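Some notes on the structure that comes next.
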Amino acid sequence: MLNEVTISRGIIDSYLKKLSDALELDVAIVGGGPSGLVAGLYLAAAGKKVAMFDRRLSLGGGVWGGGMMFNEVVVQEEGKSILDELGFTACLFQPGYYVLDSVYLASGLVYKAMVAGLKIFNLVAMEDVVIKDKRVAGLVINWGAVETLQWHVDPLTLHSTYVLDATGHPANVASVLVKKMGVTLNTTTGGIVGEKSMEAESGEIDTVANSREVYPGLYVSGMAANAVYGGYRMGPVFGGMLLSGKKVAQELIGRLA
Ligand code: 48F
């Protein structure tokens with residue numbers, strides 16, 4: 001006979017263990033879009049202690065919706081190597097343009113990152129960062145629902161050697177850091193420069209170039225990198241997102257060695 005209390009206890013005990021294990025990390029990733037998932041995948045595969053926090057119910061960020069809800073995405077030649085490396089199949093549409101189902105890519109990235117060892121906390125939002133010795137040293141987290149409802153509930157805190165802002169267009173981690181600490185970022189203006197309009201070719205190049213440490217302890221990837229450094233947007237072409245996540249992971253793996 002199934003015991004309902006045993007079911008509840010199994011969930012509670014294993015969640016609490018998972019959360020407790022994530023209170024001291026090598027890398028805390030905020031945002032489970034394509035760049036964050038790829039970064040998490042490579043970091044976990046390299047044996048780093050890494051966890052991801054996303055305020056939404058489902059991970060995958062902007063991948064699911066394809067282009068204007070047509071659930072297909074494009075990956076250009078440069079990003080195809082990562083699809084191959086991770087074992088995704090894509091169809092050649094025209095020379096240099098590969099197309100794949102966005103649900104396949106989103107769910108596959110989540111699955112492969114978890115198999116590599118990434119711990120994922122969905123429904124959990126970053127609301128602030130921890131500052132130690134003038135560097136970002138962790139996250140202040142709360143339930144995504146608490147954030148949405150604007151309830152007055154104090155958060156919990158975790159420590160991490162590095163934080164990755166992979167929150168997409170709003171660059172929420174960098175934004176909160178600038179707003180609350182008034183710090184100078186490693187950008188042309190010292191602040192958040194702001195994303196530019198659509199130019200796919202430049203946007204893809206910018207995304208990878210801009211994926212780096214923007215303040216001691218804080219890295220940015222994906223659209224957050226373009227928002228912070230002032231790169232162009234590129235729409236539903238995803239090679240740059242994949243390459244951005246891999247670049248940040250490789251840099252962090254080197255620094256954590
Ligand atoms: O926007 P998103 O998919 O991030 P990305 O890796 O990829 C961008 C592309 O999807 C697309 C594009 C490419 O052509 O332009 O937009 O840069 O995913 C960002 C994730 O961050 C989560 C949010 O729910 C989403 O899943 N997020 C944002 N703010 C927070 C957060 C927060 N404060 N706490 C937790 N998660």
Side-chain angles (χ1 to χ4, degrees), residues 13-54 58-61 63 78-88 105-124 126 129-130 132-133 135-141 156-167 173 207-208 210-222 224-225 238-257:
D13 286 3
S14 50
Y15 189 84
L16 290 184
K17 183 181 178 322
K18 189 165 58 179
L19 184 58
S20 179
D21 283 350
L23 294 180
E24 285 167 306
L25 296 167
D26 291 328
V27 186
I29 300 177
V30 186
S35 69
L37 283 167
V38 170
L41 188 159
Y42 283 103
L43 282 162
K48 301 303 165 200
K49 201 169 174 214
V50 53
M52 169 178 284
F53 303 86
D54 197 297
S58 55
L59 278 281
V63 178
E78 291 82 351
K80 175 71 166 46
S81 60
I82 297 192
L83 293 180
D84 293 341
E85 207 172 297
L86 300 181
F88 286 98
L105 181 63
S107 58
L109 283 176
V110 176
Y111 175 71
K112 287 166 196 282
M114 295 200 81
V115 169
L118 177 66
K119 296 287 181 267
I120 295 182
F121 296 87
N122 60 336
L123 300 167
V124 176
M126 172 286 314
V129 291
V130 179
K132 298 253 187 232
D133 303 324
R135 71 188 306 270
V136 172
L139 293 179
V140 177
I141 55 169
L156 291 174
T157 302
L158 62 93
H159 286 169
S160 61
T161 310
Y162 294 100
V163 168
L164 172 60
D165 184 344
T167 61
V173 186
T207 299
V208 184
N210 293 335
S211 296
R212 53 195 160 114
E213 193 175 36
V214 67
Y215 184 77
L218 178 64
Y219 275 71
V220 286
S221 69
F238 279 82
M241 295 297 137
L242 309 177
L243 292 163
S244 152
K246 186 173 178 183
K247 178 187 170 186
V248 163
Q250 283 175 331
E251 241 182 89
L252 286 171
I253 290 164
R255 292 187 74 177
L256 287 162

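The chain is numbered in sequence order, starting from 1. Computed from a predicted model, the values in this text were never measured in an experiment.
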* **Qualifying residue, where the test is side-chain contact (heavy atoms from CB on, under 4.5 Å) with L105 and the options are V63, V110, L86** => V63
* To do: Working to the nearest 0.5 Å, report the span between CG of N122 and CE of M52.
  => 11.0 Å
* Which heavy atom in D165 sits nearest to a heavy atom in A224, and how many Å separate them? -> O-CB, 3.6 Å
* Which atom pair, heavy atoms only, marks the closest approach of A166 to S35? -> CB-OG, 3.9 Å
* Asked: Would V129 and L218 satisfy side-chain contact (heavy atoms from CB on, under 4.5 Å), going step by step from the backbone distance to the final call?
  -> CA-CA 10 Å; V129 291; L218 178 64; 5.8 Å; no
* Provide the closest heavy-atom pair for F88 versus G108 in the form atom of the first, atom of the second, distance. => CZ-C, 3.5 Å
* **Side chain proximity check, L37 to I120, heavy atoms < 4.5 angstrom** => yes
* Asked: For G222, does its backbone N or O pair with a side-chain atom of S244 as donor and acceptor, under 3.5 Å?
  -> yes
* How long is the gap from OG1 on T161 to CG on L25, to the nearest 0.5 Å? -> 8.5 Å
* Asked: Between the side chain of D26 and the main-chain N/O of K48, is any donor-acceptor distance below 3.5 Å?
  -> no
* Asked: How are the rings of F53 and F121 set relative to one another: parallel (under 30°), tilted (30 to 60°) or perpendicular (over 60°)?
  -> parallel
* **From S211 atom OG to L243 atom CG, the distance as rounded to the nearest 0.5 Å** => 9.5 Å
* **Separation of H159 NE2 from L139 CG (nearest 0.5 Å)** => 10.5 Å
* To do: To the nearest 0.5 Å, tell me how far L19 CG sits from S14 OG.
  => 11.5 Å
* Donor-acceptor pair, D54 side chain versus L59 backbone, under 3.5 Å? -> no
* Asked: Is it true that atom OH of Y15 has more than 12 heavy atoms of other residues, nucleotides or ligands lying nearer than 6.0 Å?
  -> yes
* In terms of heavy-atom contacts, does CG of D13 have more than 12 from other residues, nucleotides or ligands at under 6.0 Å? -> yes
Could you pull out every donor-acceptor pair under 3.5 Å between side chains of residues 249-257 and any protein atom, sequence neighbours left out?
from: E251; atom 1: OE1; to: Y219; atom 2: OH; distance (Å): 3.3
from: R255; atom 1: NE; to: Y162; atom 2: OH; distance (Å): 3.2
from: R255; atom 1: NH1; to: E213; atom 2: OE1; distance (Å): 2.7
from: R255; atom 1: NH1; to: E213; atom 2: OE2; distance (Å): 3.3
from: R255; atom 1: NH1; to: Y219; atom 2: OH; distance (Å): 3.0

* Okay, side chain of K49, backbone of D21: is any donor-acceptor separation there less than 3.5 Å? -> yes
* Asked: Quick check: does any side chain N or O of R212 sit under 3.5 Å from a backbone N or O of K247, one acting as donor and the other as acceptor?
  -> no
* To do: List in chain and number order the residues that pass side-chain hydrogen bond (donor to acceptor under 3.5 Å, both in side chains) with Y42, two or more places apart in sequence or in another chain; answer none if no residue qualifies.
  => E85
* Structure fact -> Nearest heavy-atom contact between V220 and L164 is C-CD1, 3.8 Å
* Structure fact -> Taking every heavy atom of V136 against every heavy atom of V163, the minimum-distance pair comes out as CG1-CG2, 3.7 Å
* Spacing of NZ belonging to K112 relative to CG belonging to L118, to within rounding of 0.5 Å -> 14.5 Å
* Structure fact -> What one should report as the nearest heavy-atom pair of A39 and I29 is C-CD1, 4.2 Å
